[in-house]
Structure formats: structure tokens, C-alpha cells
There are 2 protein chains.
Amino acid sequence: MQRFTDKKADQVTVRRLNMAAILKLLRERGTLARADLAKELGMTRNTASNIVTDLLTAGLVVETEFRRVGAGRPGLLLELAHNGGFAIGAEIDISRIIVVAVDFKGKTLWRESAQINPKQAQTEIIATAEKLVRDALDWGNGENLKPLGIGVGLAGLVDAEGGTLVYAPTLGWKNLPLKQMWEKQFSVPVYLSNEANTAALGYYNYADRSKAQNLAYLSIGVGMAAGLMLEGHLFGGTGGFAGQAGHMKIRPDGEPCSCGDHGCWITEVGLTALSRKTGGQPVKPDETAQALRDGDAQLTAVVAEMAEMLGIGIVNFINLFNFDTVILGGAMRPILPFMLEKARSVVDQRALKHPRANVRIKVSGRDDDSVFGAACLVLDSIMNDPIPLVRSMI
Amino acid sequence: MQRFTDKKADQVTVRRLNMAAILKLLRERGTLARADLAKELGMTRNTASNIVTDLLTAGLVVETEFRRVGAGRPGLLLELAHNGGFAIGAEIDISRIIVVAVDFKGKTLWRESAQINPKQAQTEIIATAEKLVRDALDWGNGENLKPLGIGVGLAGLVDAEGGTLVYAPTLGWKNLPLKQMWEKQFSVPVYLSNEANTAALGYYNYADRSKAQNLAYLSIGVGMAAGLMLEGHLFGGTGGFAGQAGHMKIRPDGEPCSCGDHGCWITEVGLTALSRKTGGQPVKPDETAQALRDGDAQLTAVVAEMAEMLGIGIVNFINLFNFDTVILGGAMRPILPFMLEKARSVVDQRALKHPRANVRIKVSGRDDDSVFGAACLVLDSIMNDPIPLVRSMI
DNA sequence: TTGATTTGTTCACAATAGATACAAATCTGG
DNA sequence: CCAGATTTGTATCTATTGTGAACAAATCAA
């Protein structure tokens, strides 16, 4: 958490900020010459060149080819080094564990998953996750890549600073110091966050950042959490518990909720609500989507009603946060496209004119935003402070 | 708005950050010696001393007395200079205009107000405000204080970057480029913001900042807006329109609202709702508070019901933002103490355990948070980048 | 082919913080 | 009351880093 007095700065701070700016600009644009970096960031070619020299030595950046365009000496193009190291992303969900390995350019190169059962013992599930992480580390070792860290997205309340899973209702876990456990076991930095936060970060990392500075990622499944990206940074609130969208009261006298209260959004929208409204059977999202495609009339009506309530909740998000982007995803993703149009029209009718004017509402096109975003926790921490890594490689 | 690529840094950046850190620490602590500043901020005494020399020369800081405590040479205490300049804060409301002059230490030294009528022409109201601002400038001139700028809190949607009042429903104003107008007229920097935002900033500036990093200031009157202070910074969202709390849907099939929709929070909580629920007469908050003190049973029941809806909305705020502080204020302030206990108990019962654990809900103890906060817009901008002012005075 | 243009590097310089040393001012223990 | 310890503020030198000007290299265009 940011402190209330600002921290001091020294010359290393300057280098850190400029190095971070160069790395992020390269991530943004793909390839650029030294002169481009300098022009774009308003520094001298000299400074850009000095920093690039360090990044080349550290192996985080590579020179590729000359760019011949117009008069003048051609610039030697630079890009992030594929083999600058790799990040591991892990997602522990109610039904499965996914682990990916992502190279320094943000490309997912390795992926493995395992089904789990929430009735399994915690130690057993953790052991399964640890095996997958170890496989990822072994893979990277075989590829001769340096492991940069492990990011973990968890479905529950996470104390990111303390590195603890505080409470995961679906799994029934409490106070698990996963950061400490895994840093000891794997000897690399470990970053924890809520899976909706990592999903937001994952989306942000392949979205047009200039258009998604204020983004909500609504992860809708059995529960519903919102990952909040505000002004380009994940927002966690005082204890890191922000984004508990599912328990927004939307109909104060509504249905009872698993949280002990009633009228929560999640009682109207999500897989549990859908199950209740369709007769009590657990919902299999893919099968439900197929039934909708096949034109099941009763199901279509239920989903339309749910879309209306989805839209109303999104209206609240837009009025409160003035987002530019709202992304819908999570386990319910196959069903969400059938709700999108209705939800958008509710927003058009019921949200305030000015906040709604520039908002884009989409269903995520990918299934792995969250686990990819978990890996991005690692990459972002290096982008934001590359100095320790660079100095250690020189 | 923060850009998506970070800006470069140079040596001046370092000086700016350190100078800002020293000024903010002095604001926080009142008096400190050079050695204290250095120790507290982790810099050398040398650096602190250099910066203090500049601040003394610029007149932003003064030396007061020696501090004799324990062994060793006594430290020469420093504090912000009362006469480092003064900021003007202005609030244009539906019924009144208030203008204050605040010295560099944040003390309000001058205040004037004028009643207005929303039926008056815009030019007339603006002229009234301009007269008050000119009076404030004259006062400062008489006191031999340098004018640092004008901060304005407006009841409506404000484009802070563009310096435009986009839409003020209660006054019926649209697209007023007040920043441009007043900067031309008064030749000092002008900062615009929503009055709920300035109220949040005002509260923050006399609160314990370490305990109020994530603060919502609910300004409840005829309308209802929330000033959002997130991680110590005002949050405005993509267009600066965040915090439209009054139009959060809390009962989707509820009462019609002036926004054209229905079921908004403001249809249940606020002066308009209170008027409707008590027979249609306009509410005078002070008289209503007196009636409540006198034990008016019917009114008490209406207010209790309203307190319940107030609490439910606050629950949503807490679940979504994980605030540490929620402050209630605005035109309805005299009535709010009669609603506080009930609202708190609703939060205790209905908010999620973890987000609600460390939240403080209070009615503001002051009536002038907003106009004071408007002046703080000016002071904060100097605290955050004192270099131009300091360099211009050396 | 010659001049213009652009790139990347080199070198001297400026701004800034850090390290060390030191004088000044106070306290404490005998 | 005095000698040593302690703390403060400053002076001096050094290290880091960015800037500006100059220059060689590489390309294009007339």
C-alpha cells in the first residue's frame, strides 16, 4: 500500500524510472530504435543509448535488424528479448489448477492443468499445484531460461502484501501463507492476487492500454468478483479486498445469499442463480450455451432476465467508477455472449449520459485471462523496477 | 489523466520528489529540524539541508526555534511559512457561493459568502462569484501575500483536465469553461473539481492521512455525489465523472428519479426523498434536525427508514472499494447524525466481514469541507511540484 | 557525386545525492 | 566545573546520471 508521505528519490531512482519507461515502451510498440525511444520519451539519444547498453548486457533486450526508411543512417531496431527470462502464472480455482510459463515478451509457451475436487484436502490440492509449478520450472530450465517469479491468481480474498490467501469460500480455505511457502520452496519471488484482479491485468496486457486505463473485469462464475484497474494500476483497497461485486445489494429484499445476507447481485446473476432459476441442476456453461444456440425458449427467457440484472449492476459500476472498459469473463463466459446485447441496452437506457458515453462493454475473447495475468504480475514487477535484475546480470 | 507510458526522469525530477516529500512531511508533522527530515525520509542531512535552503529562500518554510532535547546540538526547527502565499477556495452551490482564503499552512483566514437563487442568470451568479474572488485577492494583497491559485468546487459533472463544468443539473448549466475564463481574468492558476471531490480532499487534509488512504466522502443534499480518495489521490475515472453515487440502482423497480430512470439511491436517501416522504414540503435541514431532537415520531420513523437505505448503499461502497473511511456530509449534514447509528448497524449486518472490518463511518464535523478542499487543490498542486514556484522566487 | 539527413557514440559539463570530516552546541558523569 | 559523548548543520569531495555539442557513419536524393 502506498504510504501517506512520499518516498525520497536519488540518482538510481532516475535510472529506474527511465529504464522502466524504455522497457514499457518496447513492450507497447514491439520494435524501436534508440533514437525512437529518445524522441518518444523526451530524453537525449545519449541517455537512451546508455540504458539500452545495460539492457543488452543484461539480456532483457536484443538488437534485431536495421530499419531503412527515408534519408539518414538506418536505425538498429530493438525489442524485448524472448529469452530474457520466463514468468510462471498459476490459477487455483474451484475445479482446476492451471499453470503457464510466459516468456519475457509476454508469450505463453507452456501450459499444463489439472482437475481438482473441492472436497480434496488442502494439502493434496496444494501438492498438485506445486507439481505443476515444478514442471514449469523444469521446462524453463530445459529451455535455458531464467525463472523470474511465480504469480498466482486465487478465487478468494487475498492479502497481496502479506502474501496470504485470507479466505476462499468455494474451497473453504483460510489464512494460507502461500507466498512464504512457495518462496521458500522455489526460491523465486511469488506474487499473489485475486483471480479477478489477475484477469483484469491479463486483459490489460493485450488490450490497447491507451483505451483501457480504467477497466473492470467482471469474473462471473459461481461467485462474482471484479478486478479493478484504475488509472492503469490494479486497485485493491485498504485490505486488498476491493471488488466484491457479487455482494453489491441490488434488490435489498431479494433472494438469500450464501454470504448470509439477501438481495446480492450474485443471487440474480451467475451460475448459482442460473441453476436456481432453471430447476436446481448444476449448470454446465458449455452445454447451456449450446442449448441457447439451439433456441431453448425457456432458457432464453431466464437468461434474458439475468442479462437485465447484469446490465443494472454494470450501470452501477459505470456510474460509480466512470470506467472506459468493462470486460465480462469467468466460468460463465460461454453463456455471456447471449446476455451482452441486453446488458448493453440496459446500460444505454439507465446509466448516466456522461459516464456511459465512452464505455466499451465486451465479453473477453479468451479463456485464460486470469492465469496469463498471474504471470503478468511477475513481468510487471520487473518492468516497474528492472534495476535489481539488470544489475545482477551485469 | 495518467498516461499509459511512464514519463522520463532527470535530476530535476529527483529534486522535485525530494522537495515535495519534505514539504509534505512538514505539513504532516508541523515542525521538524533538518536532521529529522533526513532521518524520516532516508536521505542524508546534507540533502535535506540543501533543499531546506532553497525553501527558506523561496519563503515557503521558516526557521522557528531551537529544540533542546537530550544530548547534542539543538536542532533548529522548521515549519511551513504562514506567509508562503495564499490559496483561494470557492464553492458554487445551488443556493450560495462561498469563497475562502487559506494560508500556506492550510489555515482559513478569510471567508465570505453570498446567497444566490438558481433562477438567476448564469452571468449574474458568475459575476457574484467573481466579486467574492476579487475580494479575496484584494484581502491577500492587503496582507502582502502572494496568490497561489484558485480552486473551485462545483456541484455537477466537471472535466477537471479541460477545466470545464460539463453539466450542473441543479443550476441548469452546461459546458462552462470556468478555468479558462478565470485564469484570463485573475492571472493565477485555476483548478476545478466536483464539490464532493473537494470535500473529500478537504477532509483528508485535516484527517489522519495514515488512516484515511481510501476515503469516500458522501455529499448528500438535493443530489448525492461521492468524492473518492483512493490510495491518497482523488479518483475521477476516465472522464472525471466517477462518484455518481446518487444514481446507483438500489431497488431496480423503485421510485422514478430526476435522471429519467428509477430506483436510484437518491430516490431513497437525500433531501428530495425526505421531502417526498414527509408530504412534499421542501426540507430545511436545520429545522428537521430540531424536530428530530424534539422527538417528532413520524419524522423519526421516516428518517430511520432512510437510514436503512443509506446503510445499504454504504454497504455497496464498502464491498466494492474496501474503504477505510466513509464520511457523510453535504447539505443534509444536520440530519445525518440521526441516521448514523442505524446506518452503521446495517453495515455491520450486511457488508462482507473482511472489507467492513476496518472501516470508520462518520458524519463530518465541519460545514466547510468542500470549500476548504477547493483551496487544497491549489496547495496540493504546489506540494506536489514546488519547483516552478521555488525557482521563480530565487 | 555531393550535400542533406538521421543514427549512434564520445566528451565535457551540470545537477544532484552520498560519504566523510569537522565545527558548533548541548548534555552527562564524575 | 570540566572532559567526553552526542547530535546538528555544513563543507568538501565523489559517484551517478542526464544534457548539449560535436562528430563519424550510413543512407537517400538531387
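Just so we're on the same page: letters track the sequence lines, and every chain starts at 1.
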Identify the pairs formed between an N or O of the protein and an N or O of nucleotides 9-11 of chain C at a distance under 3.5 Å, and give each distance.
{"unit_1": "C:dT9", "atom_1": "OP2", "unit_2": "A:S49", "atom_2": "OG", "d": "2.1"}
{"unit_1": "C:dT10", "atom_1": "O4", "unit_2": "A:N46", "atom_2": "ND2", "d": "3.1"}
{"unit_1": "C:dC11", "atom_1": "N4", "unit_2": "A:N46", "atom_2": "ND2", "d": "2.9"}

side-chain hydrogen bond (donor to acceptor under 3.5 Å, both in side chains) contacts touching residues 70-80 of chain A (sequence neighbours left out): A:E79-A:K105
Bounds of contact between DNA chain D and chain B, in 5' to 3' order, using a heavy-atom cut-off under 4.0 Å: D:dT6 to D:dT19
Any B:L37 side-chain heavy atom under 4.5 Å of B:L26 side chain: yes
Those residues of residues 383-393 of chain B lying under 4.0 Å from DNA chain C by at least one heavy atom: B:R391
Pairing residues for A:F186 by the ring pair (Phe, Tyr, Trp, His ring centres under 6.0 Å) criterion, not counting sequence neighbours: A:W182
Atom-pair distance (CD1 on B:I51; C1' on C:dA15), nearest Å: 12 Å
B:D103: side chain to side chain donor-acceptor pair (under 3.5 Å) partners, not counting sequence neighbours: B:H82
Degree of bending in the helix from C:dT1-D:dA30 to C:dG30-D:dC1 once both end axes are built from five pairs, to 10°: 0°
Listed nucleotide nearest any side-chain atom of B:R68, set C:dG8, C:dA19, C:dT26: C:dT26
Which residues share a side chain to side chain donor-acceptor pair (under 3.5 Å) with A:E40, sequence neighbours left out: A:R29
Residues forming a ring pair (Phe, Tyr, Trp, His ring centres under 6.0 Å) with B:F66, sequence neighbours excluded: none
Residues forming a side chain to side chain donor-acceptor pair (under 3.5 Å) with A:R45, sequence neighbours excluded: none
From C:dA15, C:dG18, C:dT7, nucleotide with atom closest to A:A35 side chain: C:dT7
Set of residues satisfying ring pair (Phe, Tyr, Trp, His ring centres under 6.0 Å) with respect to A:F104, sequence neighbours excluded: none
Mutual orientation of the aromatic rings belonging to B:F86 and B:W139 [parallel < 30°, tilted 30-60°, perpendicular > 60°]: perpendicular
By side chain to side chain donor-acceptor pair (under 3.5 Å) - contacts of A:E63 (at least two apart): A:R34
Between A:N46 and A:S49, a side-chain donor and acceptor under 3.5 Å: no
